[in-house]
Amino acid sequence: MPRQAGVLLPLFSVRSAADWGVGEIPDLVPWARWCAAAGFSAAQVLPVNEASRGQNSPYAALSAFAVDPVYVAVGALEDFEAAGGLSALSREDAALLETVRSSPGVRWHDVRALKGRALALAFRRFEREEWGRRSTRARALEAFAKAEAAWLDDYALFVAIHDGEQGGRPWTEWPAPLRDRAPAALAEARARLSRLVLFHTWLQWQAEEQWHAARAAANAAGVELAGDLPFMVATDSADVWARRGDFRLDARVGVPPDAFSATGQDWGLPVYRWDVMHADGLPWLSERGRRMADLYGLYRVDHVVGLYRTYFFPADGGVPAFVPAGEEAQRENGERVLAALSRGARVIAEDLGTVPDFVRASLTEKTIPGYRVLRWERHWDHPGQPFRDPEAWPSVSVATTGTHDTDSMADWYDGMAAEERQAFLALPALAAVRERGATRFDEGVRDAILELVYRSGSDLVLLPFQDAFGMRERVNVPGTVNDENWTYRIPRDLAALHGDRRERERLRALAVATGRTG
């Protein structure tokens, strides 16, 4: 595989002059062009799956397949423009649009409410002028619905019941015939809620149309879109409702105790029933792999160790355990699942945290790159815990300065204890930084660290956007729930990034670095 550099920025973080308070699918095009100008040939985003109600995190999704409608660019919709466009908004919504556009962070509640009203307006026009007249576009929607029926039929019905008829109540609290998917009850609901079902189908069609157009334009600019596959969906999701047998609801998935948590982490998500899924031939996971390849050329598999062995907490308070049990069964499980997911796109594995040696050996054998995060790549068992020289990192790996869950490279450097900084600056490539005694992060430190990572042995480099500039903003602080997590937006819109002299110089410097290091 040729060496490649990419940059990570959540889609919701992208800012453009035309957005509605959150990055939108068409914004992937100018973003990809920015990446190309900086020498990056991959633009990675966090999951764009539709989020669970009341959640900002993209890792507890309402659907493993549906793109969150919040990313649909309303202003680019043919039906919205035909319905009057911005002039059709109420005075209150026009004012709200200006407010969310200028907000320093994503105001999720306001953006979803505003877009929901505008999308409903656009759909009414489609329903009247296109669907009712059996137009070419109506037939295109039907073709999309047929092609994606494996997940779309259940998803559209689920959301119609969940958000419409049941007022947002989780499916576990629905009337028993709907909760338990009695065929007659489902048929009656599909007929009763046909307009809402069509609306949610139309939304996914519009997202798909915009995504494919953006992906083609990004590829034309020489940039590959890269994604992120969440490990699990929420219990209150279309997938768990539709495929109940694939999940244990009497237990919750998490991770075992480690240096950061004496009791482990309980994520409150359902647990895979691996035995049932394997007996069926892994159809749901294979469909997830197909869907990811439809959206991306490359994607990260979240919490890959959980695909080998899933740690769970029994709901009755019993002893937490791994499933499957035993290394041989765990290795077989992970490799079969990864094979099902690897359908048409390149896969990289998030193998951070407490990961058994056999998992990393398995990934290497299957040539699936795992992560090398600079701050954690140390010889932990050696005196002084020296840093591993990035030049010795394996080629089948992903080199990075941090993740969406870590603090910035700048804050990490400034927050180092003296002995950690001494060990870090002992790396040969950082001799110039060491000699000038740089104890505070500056542009020279930034460029030296980026050069260090670029010159690593890894064939793929993925930098957080903030670290490429030396910024300090965070996307998420794990283990916390607050109004700042998952709301980060870049400080200026993409046009300003392209037009500013200092930003152009930064682009040139990044491009030179990628070229110099291959």
Check whether any side-chain heavy atom of [X] lies under 4.5 Å from a side-chain heavy atom of [Y], and answer yes or no.
| X | Y | answer |
| --- | --- | --- |
| Trp205 | Leu152 | no |
| Thr354 | Val255 | no |
| Val111 | Leu96 | no |
| Gln265 | Pro478 | no |
| Trp31 | Val7 | yes |
| Leu463 | Leu450 | yes |

Fill in: Pairs flagged by salt bridge (charged side-chain N to carboxylate O under 4.0 Å, His left out) wherever residues 16-45 is involved - sequence neighbours left out
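For residues 16-45: Asp19-Arg489, Glu24-Lys115.
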Nearest non-hydrogen partners of [X] and [Y], listed with the distance:
| X | Y | value |
| --- | --- | --- |
| Val453 | Val461 | O-CG2, 3.8 Å |
| Ala42 | Gln4 | CB-NE2, 3.7 Å |
| Ser57 | Ala51 | O-CB, 4.1 Å |
| Leu203 | Val72 | O-CG2, 4.3 Å |
| Cys35 | Ala43 | SG-CB, 3.9 Å |

Roughly how far, to the nearest 0.5 Å, is [atom2] of [Y] from [atom1] of [X]?
| X | Y | atom1 | atom2 | answer |
| --- | --- | --- | --- | --- |
| Asp110 | Ser103 | CG | OG | 8.5 Å |
| Gln210 | Gln206 | CD | CD | 7.0 Å |
| Arg372 | Thr401 | CZ | OG1 | 15.5 Å |
| Met409 | Asp467 | CE | CG | 4.5 Å |
| Glu377 | Ser397 | CD | OG | 8.0 Å |

May I ask you to decide whether [X] forms a salt bridge with [Y], counting only side-chain N to carboxylate O separations under 4.0 Å?
| X | Y | value |
| --- | --- | --- |
| Asp351 | Arg360 | yes |
| Glu127 | Arg124 | no |
| Arg53 | Glu50 | yes |
| Asp407 | Arg472 | no |
| Arg215 | Glu224 | no |

Verify whether one side chain among [X] and [Y] offers a donor that lies under 3.5 Å from an acceptor in the other.
| X | Y | answer |
| --- | --- | --- |
| Tyr155 | Asp239 | no |
| Gln466 | Ser408 | no |
| Thr517 | Glu451 | no |
| Asn56 | Thr487 | no |
| His212 | Asp294 | yes |
| Asp493 | Ser16 | no |
| Trp412 | Thr406 | no |

Do the side chain of [X] and the main chain of [Y] share a donor and acceptor less than 3.5 angstrom apart?
| X | Y | answer |
| --- | --- | --- |
| Asn485 | Thr480 | yes |
| Arg300 | Val347 | no |
| Ser52 | Gln55 | no |
| Arg346 | Gly344 | no |
| Arg474 | His404 | no |
| Gln204 | Val67 | yes |
| Trp108 | Val22 | no |
| Asn333 | Leu307 | yes |
| Ser237 | Val240 | yes |
| Glu350 | Leu352 | yes |

List for me each residue that meets ring pair (Phe, Tyr, Trp, His ring centres under 6.0 Å) alongside [X], sequence neighbours excluded, and say none if there are none.
| X | result |
| --- | --- |
| Tyr296 | Trp211 |
| Phe123 | Phe199, Trp202 |
| His162 | Phe158 |
| Trp393 | none |

Worksheet entry | Residue among Glu209, Glu130, Glu129 satisfying salt bridge (charged side-chain N to carboxylate O under 4.0 Å, His left out) with Arg137 | Glu130
Fill in: Pairs where residues 61-74 contributes a residue and the test side-chain hydrogen bond (donor to acceptor under 3.5 Å, both in side chains) is met, not counting sequence neighbours
Asp68-Arg112
Discussion item. Suppose we screen for side chain to side chain contact (heavy atoms under 4.5 Å, CB included). Which residues come up paired with Glu287, at least two apart in sequence or across chains?
Written reply: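 Result, side chain to side chain contact (heavy atoms under 4.5 Å, CB included) vs Glu287: Phe65, Ala150, Trp151, Arg290.
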Worksheet item: Mind checking what makes side chain to side chain contact (heavy atoms under 4.5 Å, CB included) contact with Ala349, not counting sequence neighbours?
Response: Val304, Leu363, Ile368
Among all residues two or more places apart in sequence or in another chain, which pass the salt bridge (Lys or Arg N to Asp or Glu O under 4.0 Å) test with [X]?
| X | value |
| --- | --- |
| Arg15 | none |
| Arg288 | none |
| Glu365 | Arg331 |
| Asp93 | Arg117 |

Practice prompt. If the plane angle is over 60° it's perpendicular, under 30° parallel, otherwise tilted; pick one for Trp131 and Phe126.
Written response: tilted
Does the ring center of [X] lie less than 6.0 Å from the ring center of [Y]?
| X | Y | result |
| --- | --- | --- |
| Phe465 | Tyr488 | no |
| Phe80 | Trp20 | yes |
| Trp241 | Phe247 | no |
| His303 | Trp267 | yes |

Practice prompt. Just do the ring-ring contact (aromatic ring centres under 6.0 Å, His included) check on Trp376 and Tyr371 with the steps written out, would you?
Written response: CA-CA 10 Å; Trp376 298 325; Tyr371 271 67; 9.9 Å; no
